[in-house]
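All values below come from the heavy atoms of this structure, side chains included, with hydrogens, waters and symmetry mates left out. Atoms within a ligand are numbered from 1 in the order they appear, just like the ligands themselves.
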Amino acid sequence: MSKSFYVTTPIYYVNGVPHVGSATTTLIVDAVIRYHKLRGEKTYFLTGTDEHAQKVADAAAKAGKTPQEFVDDISQRFVEAWKRLGAEYDRFIRTSEPQHKATTAEVFRRLQATGDIYQGTYEGWYSVADETFLRDSEVEDGKSKETGAKVERVTEINYYFRLSAYGDRLLAHIEANPDFLIPDTRRNEVIAFIKEGLRDVPVSRRNTGWGIPVPGDDSQVVYVWFDALINYLTASGWPSDGWEQLWPADAHLVGKEIYTRFHATLWPAMLMGLGLPLPGHVVGHGWWLVGGEKGSKSKGNIPAPQDVIDRIVKYSGAPVDMATDALRYYLLRDISFTGDAEFGFGQLAVRYNGELANNLGNLLNRALNMLHQYSAGIVPDRAAATASSEIVAAALHATAAVESALDGYNPGAALEAIAKFVAANNKAIDTAAPWKRAKEGNQEAIDQALYIALEALRVVSVLSAPFIPKAADEIRRQLGISAQPIRWSDASTWGLLAAGTQTLTASPVFPRYDAKKAAADEAAEAAPEKPAAQQVKKDTAIDTNLISIDDFAKVQLRIAEIKTAERVEGAKKLLRLTVDAGEGEPRQLVAGIAESYAPEDLPGRKVVIVANLQPATIRGVVSNGMIVAATDADGKAVLLAPDKPDLAPGSKIR
Ligand code: MSP
């Protein structure tokens, strides 16, 4: 039997309930696994809970429960949360299971037999919050220097693991397998950590009644990290027959705080000691920050996934399934692997409205609406005629980009490639302008434009299925192809959407999220007693949700020169502008400045534009970017101009 593609999440501590941080790692694995499943591979997705931590026993005592009662309850909350998020795991492992206890004892015995685990007394520091042993040099004023967590003095530790013997072998493995540690920044960190010199680590603690007893020595329990890491092996069934169908894992996905010390050093060394192959990749992602600090259950500053879903439902009217996919989209789109990312409803709204409601939703809506208007909703016979369209090349390009991003465990890059492909399609419809062709009576041109858009949407339904599975199904339902199962290989075959397919009338998959109302409600909730004047002032206050320099670098600000300006018919506030942004051809923008500037005063002025904004159609006019302006005391727009009047259009602003 062939080996399954096997990927794991960390097993989560059950001292608190699931939140969007733990959900993110679970969803990254879910997206990767779904992608491999769609490719027809045999897959295995492991997640679960880590139940023997000291902090779990402490939390149980605080709740007035026995540890077992407590972990049974919280573990179930993870099961439910992951189900609700659509995480299709194969096994939910719990470290309090008999099988895991037996495997842990077996690992302990084998490493004792080889001399890798030896007896020795330890006296030192332990941080319960981090469940980590610390050296004197790592402690200051009773706290861990690295995390600030409180430490306590511990004694009566009797067993060590000979980690110091594995430094050179670990470095050799990392060198020989350049993609073992992902991303590169973490690989460098690990190499530096190992080169500093590895020390033997304690692997037991005094038995206070909670944990897996050390085989043959009931006075001690196995140190919770040593126990926890073994879960990945337990799930394979090792050492019973058949374990090679799963082991080695293809990848372990983890957050950065448990990367270097545990998953990239201790765990591979334990496996080397057992003579077992190492996992293919250890992938580390950054944190969701909340107000610049790590979001964590102990601080209680990070929302539960369900709260976010409820909020999306409330402010968009989307059904729960689509709101769930919207949360999946945001978490997978914006989690950073090299740095951290700020979790915020503002940014969630930007992604939701910009990429799901506007870009994707709009493409589906307008393509289906026009198909119903011009062709009774029936897919035209144009596959062959459209095979040379630029969109076909773009589809292949997008597919390759999504594959390479997912092969590198980077869902954000995959979603970006999909969003670009969808935007290219919106642009292609604008250019083909079926509504104009209708006036000319050119049905062939209409058919071609609409076939391209609909077929592109079919491709998008495949590419986006690992991330937003329910929305992908809904797109296929509206396209009239829900009976056909999704296969990954269908993304790279143009023309599979059959002529004659009866489509459904369009209905918005992602209704717009009312970010203004959400923000207003939030402000009112935060400050119900404040007088109106103070609330207005809040508008000019600097948002304390700090962004990183990398976030800022995503915004491409450019100098542009206004070439033409005219009013948009029927819209009091809007001007249609063409500007020279140094790109060779002018670009069209819509700006809400008609109440502050007369169109005839604008040509020749230099302004600042956001050049990489997704195109949007405003009152039927496509806007490729946005002009930035200040607001004066009367609420009027004030354009910003460079200090040097002859500054070339296209100049970058940093
Ligand atoms: N039990 C250990 C892991 C043992 S694995 C053999 C543990 N558990 S935990 O409950 O603290 O979960 C940690 C994991 O949850 C992180 O590694 C990360 O995957 C996820 N996250 C927890 N907080 C997070 C953020 N604020 N942001 C992103 N991911 C977060 O450590």
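- With respect to the salt-bridge test (charged N to carboxylate O, under 4.0 angstrom), the residues Arg94 and Asp227 do not qualify.
- Numbered from 1 in the order shown, with element, the atoms of ligand 1 that lie under 4.0 Å from a heavy atom of His19 read 22 (C), 23 (N), 24 (C).
- Remark: Arg135 fails to qualify as a cation-pi partner of Trp125 under the 6.0 Å distance and 45° angle criteria applied to the six-membered ring.
- Across Glu257, His285, Glu51, Glu131, heavy-atom proximity to atom 16 (C) of ligand 1 is greatest for Glu257.
- Considering backbone and side-chain atoms together, Ser296 places no N or O closer than 3.5 Å to any N or O of ligand 1.
- Side-chain contact of Glu51 with Thr49: a donor-acceptor pair under 3.5 Å is present, judged by distance alone.
- Of the protein's heavy atoms, Tyr13 CD1, 3.4 Å lies nearest to atom 11 (O) of ligand 1.
- A pairwise comparison of heavy atoms in Thr132 and Tyr223 identifies CA-OH, 3.6 Å as the closest pair.
- Of all the listed residues (Pro10, Ala53, Pro18, Gly21), Gly21 holds the heavy atom that lies closest to atom 30 (C) of ligand 1.
- Considering backbone and side-chain atoms alike, His263 places every N or O at 3.5 Å or more from each N or O of ligand 1.
- Annotation: Ile11 places an N or O atom under 3.5 Å from an N or O atom of ligand 1; distance criterion only.
- Residue Gly284 comes nearest to Pro183 through the heavy atom pair O-CD, 3.4 Å, listed as atom of the first residue, atom of the second, then distance.
- Between Tyr160 and Tyr118, the two ring planes are parallel [angle under 30°; tilted spans 30° to 60°].
- Remark: minimum distance from atom 19 (O) of ligand 1 to any protein heavy atom is reached at Thr25 OG1, 2.6 Å.
- Only the side chain of Tyr232 comes within contact range of ligand 1, with a heavy atom under 4.0 Å; no backbone atom does.
- By the criterion of a heavy-atom distance under 4.0 Å, neither the backbone nor the side chain of Lys256 is placed next to ligand 1.
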### Query
Phe262 and His252: ring-ring contact (aromatic ring centres under 6.0 Å, His included), yes or no, with the steps?
CA-CA 12 Å; Phe262 297 115; His252 298 311; over 10 Å; no
